[in-house]
Amino acid sequence: MAREGFGDLIALIAVAQTGSFTRAAAQLGVTQPALSVSIRGLEERLGVRLLLRSTRSVTLTMAGQHLVDRLVPEFAQIDNELNSLNDLRDKPTGTLRITAIDYAIRSVLWPRLSPFLKQYPDITIELVSEYASVDIAARGYDAGVRFGMELAQDMISVRIGPDVKNTVVGSADYFARHAAPQTPDELSQHQCIRLRTSTYGGLYDWEFTDGQRTFDVRINGPVICNNAYDIFEAAKEGFGLAYLPLDMVQPWLDSGELVSVLQTWCPVWPGFHLYYPNRRQHSRAMTLLVDALRYQEKQA
């Protein structure tokens, strides 16, 4: 394909990543009709359909998915090489995209990113809050955050936070109406606020340990959320029990607004780790970011 066709490939990636011609056009700074023409022209030149369009959604065909999966890492590598030229400048610059759950963003990332961005005003950080387990290279991210360090072989993992302990909490009002559970099995007698994860669209089962083994408990309740902070709000209003990080709810435990139960059954998870592709060369902005986020024991 001629080099002038690269713009059409970038347009395809934007549509794939946003799932919308409207959002992709806004991201690229072009009109939606112009974007549609670009994609149709690409499909005609390649002789294969890349997108399935409906009135409600845009999805990739098998050929489109294959092409995007191959293109994104290649374009990311090109961006990385271009960004590396910034090392020749006095000030580091560039845009870094990070995917993480909302709790990681608020508790670990943002407290360190705030001074980092003030120190390096020419660096842009894009934070994407999601619970899906994603291929960061295929989705165009520079890094992701998750618990622990069990990652693919082509990834580098850097610890950025302390271990995290979860706990089961409910409002004082809820426990005025219900007896506190003594074991995880008794959760079947309680209303619980559930988390839906986006990776498979499934409901998250709560994890516990008896000191010898870990096991999951399926819970039920009237409220389902897709992030921790909405679950937190529902628990404070007495709609049921919630399974949340202890440090997130500690101020409300101290005030008596929330009550913690089953603490001896709740596991401690390895702290958050930043993971990113194992490339030979990273931009100066990425190197500075990793150093700023790296966890030191004295921070605990």
Please check this pair: side chain of [X] against backbone of [Y], looking for a donor-acceptor N/O pair closer than 3.5 Å.
X	Y	answer
Arg194	Gly221	yes
Asp163	Gly271	yes
Ser188	Asp185	yes
Arg112	Ile160	yes
His273	Ile156	no
Asp142	Arg97	yes

So [Y] and [X], do their side chains get closer than 4.5 Å, heavy atoms only?
X	Y	value
Phe272	Leu109	no
Leu127	Leu113	yes
Val168	Trp265	no
Leu203	Ile219	no
Thr93	Tyr120	no
Phe116	Asp291	no

Could I get the full list of side chain to side chain contact (heavy atoms under 4.5 Å, CB included) partners for [X], not counting sequence neighbours?
X	answer
Leu117	Trp110, Ile125
Ser171	Asp173, Tyr174, Leu258
Glu186	Pro181, Gln182, Thr183, Gln189
Asn226	none

With sequence neighbours excluded, what pairs up with [X] under the side chain to side chain donor-acceptor pair (under 3.5 Å) test?
X	value
Asp205	none
Glu233	Lys236
Thr22	Gln32
Gln263	Ser260

Distance-minimising heavy-atom pair for [X] and [Y]:
X	Y	answer
Asp122	Pro92	CB-O, 3.5 Å
Tyr141	Val128	OH-CG1, 3.3 Å
Phe208	Leu187	CZ-CD1, 3.6 Å
Cys266	Asn166	CB-O, 3.0 Å
Tyr295	Gly161	CB-N, 3.6 Å
Val72	Gly140	CG1-N, 3.5 Å

(message) According to ring-ring contact (aromatic ring centres under 6.0 Å, His included), does anything in residues 38-73 pair up with another residue at least two apart or in another chain? List the pairs.
(response) none
(message) Go through it in stages, so that I can follow the logic: the residues are Val108 and Val145, the test is side-chain contact (heavy atoms from CB on, under 4.5 Å), and I'd like the CA-CA distance, side-chain angles, deciding distance and then a yes or no.
(response) CA-CA 10 Å; Val108 175; Val145 175; over 6 Å; no
(request) Any salt bridge (Lys or Arg N to Asp or Glu O under 4.0 Å) involving residues 57-78? Give me the pairs, sequence neighbours left out, ordered by first then second residue. (result) none
(request) If a pair satisfies salt bridge (Lys or Arg N to Asp or Glu O under 4.0 Å) and one of its residues is in residues 25-34, list it, with sequence neighbours excluded. (result) none
(request) Decide whether Leu12 and Val37 are clustered together by the hydrophobic rule: side chain heavy atoms of Ile, Leu, Val, Met, Phe, Trp, Tyr closer than 4.5 Å, transitively. (result) no
(message) As a test of understanding, state which of Glu126, Arg146, Glu130 forms a side chain to side chain donor-acceptor pair (under 3.5 Å) with Thr99.
(response) Glu130
Side-chain atoms of residues 243-254: list all donor-acceptor pairs with protein atoms under 3.5 Å, sequence neighbours left out, distances to 0.1 Å.
{"unit_1": "Tyr243", "atom_1": "OH", "unit_2": "Glu207", "atom_2": "O", "d": "2.4"}
{"unit_1": "Asp247", "atom_1": "OD1", "unit_2": "Tyr103", "atom_2": "OH", "d": "2.4"}
{"unit_1": "Asp247", "atom_1": "OD2", "unit_2": "Tyr103", "atom_2": "OH", "d": "3.1"}
{"unit_1": "Gln250", "atom_1": "NE2", "unit_2": "Asp254", "atom_2": "OD1", "d": "2.8"}

